[in-house]
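Notes follow the structure.
Residue numbers start from 1 in every chain, and the chains themselves are labelled A, B, ... in the order their sequence lines are given, proteins ahead of strands.
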There are 2 protein chains.
Amino acid sequence: MRIGELAARVGTTTRTLRYYESRGLLPARRDGNGHRTYDEGDVRLLEQIRTLQDFGFELEETRPFVECLRSGHPAGDSCPASVAVYRRKLAELDALIGELSAVRDQVGAQLVRAERAMAELAADAGAPGGPEPVCELKGWSG
Amino acid sequence: MRIGELAARVGTTTRTLRYYESRGLLPARRDGNGHRTYDEGDVRLLEQIRTLQDFGFELEETRPFVECLRSGHPAGDSCPASVAVYRRKLAELDALIGELSAVRDQVGAQLVRAERAMAELAADAGAPGGPEPVCELKGWSG
DNA sequence: GTAGACGTTGACGTCGGGGTCAAGGCCAGC
DNA sequence: GCTGGCCTTGACCCCGACGTCAACGTCTAC
């Protein structure tokens with residue numbers, strides 16, 4: 001199988017496959033013309049990469065899974081290194097979700113506050129009023 | 001006040017201030033030497049920008065807040081355009097948190113599955129065993 | 001007068017994951 | 001012979017928010 005066929009089979013582009021090869025992730029054999037040649041094993045490797053990519057794994061993070069498959073294991077995550085990546089990713093996701101949730105709550109509170117302040121300003125346009133309290137967002141350095 | 005002093009006061013760099021100016025976000029007056037000159041109002045604008053940036057707002061998203069302040073409002077979010085950005089950001093955050101949580105659960109499930117499979121393989125090393133079922137991650141295109 | 005700390009502009013590098021040419025080789029069918 | 005489709009390599013482009021460097025001007029202190 002050549003590069004165009006492989007790309008079509010897994011739903012990606014030839015450029016992407018060459019990029020993976022340049023990263024040492026998916027090396028290819030060559031035929032007499034210098035054209036890249038792939039087999040069914042490469043299809044599996046590529047599907048593993050794409051699946052993890054779809055989950056937000058970086059390309060480098062898919063490497064243990066690919067090497068695990070290439071070393072003969074039935075699944076890419078049948079190796080300690082792959083499981084370690086799972087665990088690291090899980091921790092990252094938990095941390096990120098926690099931070100984003102905190103930001104979400106702060107932004108939500110600011111939204112409520114800003115809407116109330118604007119409503120009061122509009123009401124004060126026809127009534128007596130003093131200075132409004134001004135709250136500030138407290139930064140989140142992440 | 002010149003650029004270095006302003007940068008120090010809000011805890012950023014001169015490069016960043018010049019970048020903001022190049023984006024039209026924080027224009028500066030010039031003194032006789034061509035040096036940028038800032039006042040207290042610019043400190044407020046910059047603090048508004050930085051606060052929103054810390055919350056993950058893109059630079060362009062801070063523009064309504066800055067213009068709101070510059071037009072004389074007591075707070076950057078006292079304008080409809082700013083409130084609209086709040087709302088948009090809130091929706092984005094909710095969507096992102098939802099997607100990340102789904103991914104988190106899938107990765108967590110895969111982790112458990114992979115660990116169990118490896119434990120069984122280890123146990124099978126000394127006992128009779130057949131082929132293990134192999135589950136695959138189903139992709140999340142987001 | 002000279003060192004050092006500031007300022008200026010402009011240009012290029014970074015990170016990830018490729019997209020998009022450009023110039024050419026190889027092979028099939030008409 | 002010629003067109004069309006596939007392949008090759010190399011090179012530059014994109015996003016965002018700056019970092020870093022070069023080469024130079026300006027101001028202050030000793």
*Considering the terminal five base pairs at each end of the helix from C:dG1-D:dC30 to C:dC30-D:dG1, what angle separates the two local helix axes, rounded to 10°?*
40°
*Which residue pairs satisfy the disulfide (SG to SG under 2.5 Å) criterion with at least one member in residues 38-79 of chain B, sequence neighbours excluded?*
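Disulfide (SG to SG under 2.5 Å) check on residues 38-79 of chain B returns B:C68-B:C79.
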*Measuring from B:S82:OG to B:Q48:CD, what's the distance to the nearest 0.5 Å?*
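Output value for this atom pair is 7.5 Å.
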Could you check whether [X] gets within reach of a base, just the sugar-phosphate, or nothing at all, counting any heavy atom under 4.0 Å?
X     : result
A:R36 : sugar-phosphate
B:R18 : base
B:R23 : nothing

*With no hydrogens and no angle check, is any side-chain donor or acceptor of A:D39 less than 3.5 Å from a backbone partner on A:G41?*
yes
*Check: B:T12 main-chain N/O paired with B:T16 side-chain donor or acceptor under 3.5 Å*: no
*Side-chain heavy-atom pair A:L45, A:F65 within 4.5 angstrom cut-off*: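 SC-SC contact between A:L45 and A:F65 ruled out.
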*Does A:Y38 have any side-chain hydrogen bond (donor to acceptor under 3.5 Å, both in side chains) partners at least two apart in sequence or in another chain, and if so, which?*
none
*Does a donor on one side chain and an acceptor on the other come within less than 3.5 Å for B:H35 and B:T37?*
no
*Before giving the answer on salt bridge (Lys or Arg N to Asp or Glu O under 4.0 Å), spell out for B:R44 and B:E47 the whole-Å C-alpha distance, their side-chain angles and the decisive distance to 0.1 Å.*
CA-CA 5 Å; B:R44 289 215 58 195; B:E47 284 171 345; 5.4 Å; no
*Looking at B:R70, B:R9, B:R29, which one forms a salt bridge (Lys or Arg N to Asp or Glu O under 4.0 Å) with B:D42?*
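Output: one option passes, namely B:R29.
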*Using whole Å, report how far CG of B:L6 lies from P of C:dC6.*
15 Å
*Taking CD1 from B:I3 and C1' from C:dC6, how many angstroms apart are they, rounded to a whole number?*
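Value for this atom pair: 11 Å.
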*Among all residues two or more places apart in sequence or in another chain, which pass the side chain to side chain contact (heavy atoms under 4.5 Å, CB included) test with B:E92?*
B:E61, B:R88, B:K89
*Apply the test salt bridge (Lys or Arg N to Asp or Glu O under 4.0 Å) to residues A:R36 and A:E21: give CA-CA distance (whole Å), side-chain angles for both, the deciding distance (0.1 Å), then the verdict.*
CA-CA 10 Å; A:R36 293 172 176 81; A:E21 182 174 358; 2.5 Å; yes
*Which nucleotide span of DNA chain D, 5' end to 3' end, has atoms closer than 4.0 Å to non-hydrogen atoms of chain B?*
D:dA17 to D:dC27
*If a protein heavy atom is under 4.0 Å from the base, mark B; if only from the sugar-phosphate, S; if neither, -; do that for nucleotides 17-27 of chain C going 5' to 3'.*
BBBB-----SS
